[in-house]
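The basis for the numbers below is simple: all heavy atoms, side chains too, and nothing from hydrogens, waters or symmetry mates. Labels below follow one simple rule: chain letters A, B, ... track the order of the sequence lines, proteins then strands, and each chain is numbered from 1.
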Amino acid sequence: MKTLAKTYDPKGLEDLLYQKWEQNGYFHAKVDKTKKPFTIVMPPPNITGQLHMGHALDNTMQDILIRFKRMQGYEALWQPGTDHAAISTEVKVINSLKEQGIDKNDLGREGFLEKCWEWRKEYGGRIINQLKKMGSSADWERERFTMDEGCSDAVEEVFVKLYEKGLIYKGERIINWCPVCQTSISDAEVLHEEQEGHFWHINYPIAGEEGRFVQIATTRPETMLGDTAIAVHPDDERYQDLIGKKVILPLVNKEIPVVADEYVDREFGTGVVKITPAHDPNDFEVGRRHDLPIINVLNDDATINENGGKYCGMDRYEARRKIVEELDAQGLLVKVEPHSHNVGTHDRCGTTVEPMVKPQWFVAMEDLAKPAIEAIEKGELRFVPERFNHTYLHWLENIRDWCISRQLWWGHRIPAWYCDDCGEMVVTKTKDAPAVCPKCGSAHLAQDEDNLDTWFSSALWPFSTLGWPKETPELDYFYPTDVLVTGYDIIFFWVVRMVFSGYEHTGKSPFHTVLIHGLVRDDQGRKMSKSLGNGIDPLDVIDRYGADALRLTLITGNAPGNDMRFYWDRVENSRNFANKVWNASRFIMMNLEDAQVTEPKPGDLGHEDKWILSAVNTLARDVTENMDKFELGIAVGKVYDFIWDEFCDWYIEMVKPRIYGEDAVSKNAAFWILKTVLADALKLLHPFMPFITEEIYTTLLPEEESIMIADWVTYREDRHFPEDEEMARRMKELVRGVRQIRTDMDVPPSRKAKLFVTSENEAVRKAFTELAPVYQALASANEVVVQADASMIGDSAVSVVIPDAVLYMPLEDLVDFEKEKERLNKEKTRLEKELARSKGMLSNEKFLSKAPAEKVAEEKEKQKKYEQMMADVLARLEQMQ
RNA sequence: GGGAGUAUAGCUCAGCUGGGAGAGCGUCCGCCUGACACGCGGGAGGUCACGGGUUCGAGUCCCGUUGCGCCCACCA
């Protein structure tokens, strides 16, 4: 048997164990119809990514569930992979090229893509290796990439299919444009932040009516260059005479009409709105209703274009200043008010997005959203915690068409070809791309320059990774998957899109449960971010405290859906727990050395043995229940408490005398229990702390190959001993009482005392007699005498009164009678309070008639005990007079 | 403007279907007791935000108030 170091050192060990697991193929799941499948798809990390606390939490939760199910006998597949992360990667590669003095455009599309693939080759595996450091037991043999052949085929399959159904269309619509990234982005990628701005009130002269103006208010004066109307509410009395007339657009000096539209809020501003269809989503709609021209005044980089006349070439903000200045000079600026309003920014770069009208590709959402909404109602999909059902539904019910085209190079290119000669468009898979135009026969065909939103491919992840659109055995067996684990910030981007894609393409929800977690924040509650520099590197934590400690820290006391803060103190505590487990095991194995342990006969088990056996049995049942309900924090908390408090601080201390004693039968029983309970506890702990449990388990049981393939602990009726659990409770109370006395009386542990236990109850006397050695160990007693009454005990003793018994501790000269009386009086006060409460309840007729019978019986039982204890306390006080 | 949360010990947070107020850290006292000082034993510390209600009984359910962040939203 290996000797174990005094403190647990995870360094080096974790990597070795991981290698062993991987080499033995424990992570690999196969199609096995004799077993039930359990599947989780890993949210694919970006190839540009570095492991952060969010990944650490997300993957720890998944690993816990997978390991738990695997031990329960499921064929557990954790399907991993990485995401090409279109825009993130493209930006990273552009920047790294820039450092080498290379411009993306000089390389051309092909050249640039080569660089991207090089990047992927160099960094794409980095985060996977970091996930392995966490102990993630994903099936790496099945690792996929969103741009690998299969996933790309799935993307084109879906695109063509949806196009043919009319659910994908190309159109001139208003979209969100990022002037820095120079691409369109979807609504989900726009963050709204409240910004302090201004409200400029401007007079627009009414055409043909010298000196008459109409006042409008705007927060973006520069867009007036693209105004093609102004609008008032059709029922607004103030402006009835204006409807149908024209106003002169200042600076541009062009006549534009006054239209009436319900969109206008009479109460807001002046009740007159300038209409810029090219640069505002609402105005775009108004423009459509009134057939207004669309004048785009911005270039892709948000400078004013040639439609802006003399402002052409100016930046949007510079133009704004200039325009305001000139309006003021012309006396058309009425006033400027401070005004806070929401500004849309690009979630990736923070740039203020500019709504623009451009030809883009869209997914029509209305029909697709319907089954995804019904999924919740039908119970085919649920969120944990449930409140996220609302978040999900609300978004789906108000969904707008999804802009899927991106002006990027890295990613899935839109599979559409145009004929240069006749303008015909062909949408088909790349492998079926036409050589000549099917309409005019021209060979001048060019593929659409745009790419797809990166989420278009991740939306298919649960089934594309399993082989779809091919009907693979994996797809048949592992799909639909079971649980999806992700943060609440990803619901709109990913979860929603996976669900409607699942229904549309496979007819099923891709998973039945979405387990949501929150953010890991810093110790001040701030988001961890690069710009703040407050991020904590999980690898650094692992390096200092081990992966098990990090995992335990992330899971303990964290409720689903809630954010948590990261504290080094808590990691330390986790590390301490690992060390505790290590040392308890070390102690057991040291003593077990050379011992031939056999299963004891039931009659050879002591109360304490049956208690701890029963306790771990109950624990297994409870923990399993919590795991089934995804209450991971509660589950691990129970294992933690059991190991530290019950097993280490009580049971191990209790059996020390037997271990060091001569009674072979009793010794064997103790050994067997220690070994059995430890093995069970390790199994229950394994999903949370895989490394340390593996190391100890295989050392404790050298015949076992790995704890990963051990069976989960299940509840056994034949290991349920409620009487012994009760006995243990009583015993602990008594021992705590003795310890309290020793502290109160300043009795050093070195001074051992004889203990008397008196009880009128014969069964209790018997149990205490059998437990005498336990008391000796736990209460530093040199002898324990059990008797029926206290008559033989002198006055010079302190006592502890517990239900059914009184414990006396003769201390001869050490006793301070006043202190002892004080103690007893305190006890008396406590009991009086309890009795009053109990009597109150039991004299309440409503309680007696309405509360469940068991509760009433329980209360009566309590009262009886209190009364008995009170009698004992009073007797002691009497005795001391 | 909507929506969903949260308010429990000095700090950070658990507390599932209503009946014991808890953990970690911190703090006080005593211990290097033959696994562990990354430890052991014993304490102190809370009107469970506030006001109502339902109930025999509420931190736990309902309504309202206040504080705090969060998400969504096209008021120019």
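- Distance check on atom C1': B:U55 versus B:G19 gives 12 Å, rounded to whole Å.
- A pairwise comparison of heavy atoms in A:Pro277 and A:Gly226 identifies CD-O, 4.1 Å as the closest pair.
- Under the 30°/60° scheme for interplanar angles, the aromatic rings of A:Trp568 and A:Tyr545 are found to be tilted.
- Listed candidates were B:G19, B:G39, B:A76. Nearest to the side chain of A:Phe847 is B:G19.
- Distances shown here put every side-chain N or O of A:Lys846 at or beyond 4.0 Å from the OP1 or OP2 atom of B:C56.
- Rounded to an integer number of Å, the gap from A:Phe492 CZ to B:A73 C1' is 11 Å.
- If you check distances only, the side chain of A:Asn282 does reach the base of B:C74 with a donor-acceptor pair under 3.5 Å.
- When each of A:Asn583 and A:His394 is assigned the nucleotide of RNA chain B with its nearest heavy atom, A:Asn583 is the one assigned upstream, toward the 5' end.
- In this structure, the separation between CG on A:Leu842 and CZ on A:Phe847 is 6.0 Å, given to the nearest 0.5 Å.
- Within the 4.0 angstrom heavy-atom criterion, base atoms lie near A:Phe268.
- Backbone-only contact: A:Asn562 has heavy atoms under 4.0 Å from sugar-phosphate atoms and none from a base.
- Note: A:Phe642 and A:Phe647 have parallel aromatic rings, judged against thresholds of 30 and 60 degrees for the angle between ring planes.
- Using a 4.0 Å heavy-atom cutoff across all strands shown, A:Trp644 reaches sugar-phosphate atoms only and no base atom.
- A residue-by-residue look at A:Tyr640 and A:Arg387 shows that A:Arg387 has its nearest nucleotide of RNA chain B further toward the 5' end.
- Using cut-offs of 30° and 60° on the angle between ring planes, the pair A:Trp644 and A:Phe577 is parallel.
- Across all strands shown, nothing is found opposite B:C32 as a Watson-Crick or G-U wobble partner with both distances under 3.5 Å.
- Relative to the ring axis of A:Trp650, A:Arg730 does not place its NZ or CZ within 45° and under 6.0 Å from the centre.
- Heavy atoms of A:His339 sit under 4.0 angstrom from primed sugar atoms or phosphate atoms, though from no base atom.
- Residue contacts shown for A:Arg570 are absent, as no nucleic acid heavy atom lies under 4.0 Å away.
- Considering only the side chain of A:Ile634, B:G15 comes nearest among B:A4, B:G15, B:A35.
- Across the protein-nucleic acid pair, A:Asp746 atom CG and B:G43 atom P stand 14 Å apart, rounded to whole Å.
- Using a 4.0 Å heavy-atom distance criterion, A:Arg220 is classed as making no nucleic acid contact.
- A:Gly557 comes within 4.0 angstrom of the backbone, heavy atoms only, and of no base.
- Looking at heavy-atom distances under 4.0 Å, A:Asn573 makes contact with sugar-phosphate atoms alone, never a base.
- Side chain A:Glu653 to base B:A35: a donor-acceptor pair is found below 3.5 Å.
- Side-chain N/O atoms of A:Gln740 include none lying less than 4.0 angstrom from OP1 or OP2 on B:G41.
- The interatomic distance linking A:Ile516 (CD1) with B:C70 (C1') rounds to 14 Å, in whole Å.
- For A:Ile652, taking side-chain heavy atoms from C-beta onward, the closest of the listed nucleotides B:A76, B:A35, B:G42 is B:A35.
- One P atom belongs to B:A4, the other to B:G41, and the distance between them is 47 Å to the nearest Å.
- A stacking contact between A:Trp582 and B:A35 is absent: the pair does not combine a ring-centre distance of less than 5.5 Å to the base's six-membered ring with planes differing by less than 30°.
- Between B:U17 and A:Lys629, no contact under 4.0 Å exists linking OP1 or OP2 to a side-chain N or O.
- Taking atom P on both nucleotides, B:U6 is separated from B:C62 by 11 Å, rounded to a whole Å.
- In plain terms, the two heavy atoms of A:Thr223 and A:Thr276 that are nearest each other are O-CG2, 3.2 Å.
- Donor-acceptor pairing under 3.5 Å is lacking for the side chains of A:Thr352 and A:Thr345.
- Summarising the base pairing, B:A7 is matched to B:U66 through a Watson-Crick or G-U wobble pair whose two defining distances lie under 3.5 Å.
- Using a 4.0 Å heavy-atom distance criterion, A:Asp649 is classed as a sugar-phosphate-only contact.
- A close approach under 4.0 Å does occur between a side-chain nitrogen or oxygen of A:His192 and OP1 or OP2 of B:A73.
- Distance noted for atom C1' between B:A76 and B:G69: 29 Å (whole Å).
- Side-chain to base pairing of A:Lys6 with B:C36: no donor and acceptor N or O lie closer than 3.5 Å to each other.
- Within the 4.0 angstrom heavy-atom criterion, no nucleotide atom of any strand lies near A:Pro385.
- Here the separation of B:U33 from B:G39, taken at their C1' atoms, is 11 Å to the nearest Å.
- Counting to the nearest Å, the P atom of B:C71 and the CZ atom of A:Phe383 are 17 Å from each other.
- Taking a pair to require two hydrogen-bonding distances under 3.5 Å in either a Watson-Crick or a G-U wobble arrangement, B:G46 remains unpaired.
- Across all strands shown, B:C13 is found opposite B:G22 as a Watson-Crick or G-U wobble partner, with both distances under 3.5 Å.
- B:C31 and B:C36 have their C1' atoms separated by 15 Å, with the value rounded to a whole Å.
- Contact annotation: A:Arg742 does not reach the phosphate of B:G42 (side-chain N/O to OP1 or OP2, under 4.0 Å).
- Taking atom P in both B:C61 and B:C16, the straight-line distance is 8 Å, to the nearest Å.
- Contact annotation for A:Tyr488: no contact, since no heavy-atom pair falls under 4.0 Å across all strands.
- One C1' atom belongs to B:C38, the other to B:C25, and the distance between them is 14 Å to the nearest Å.
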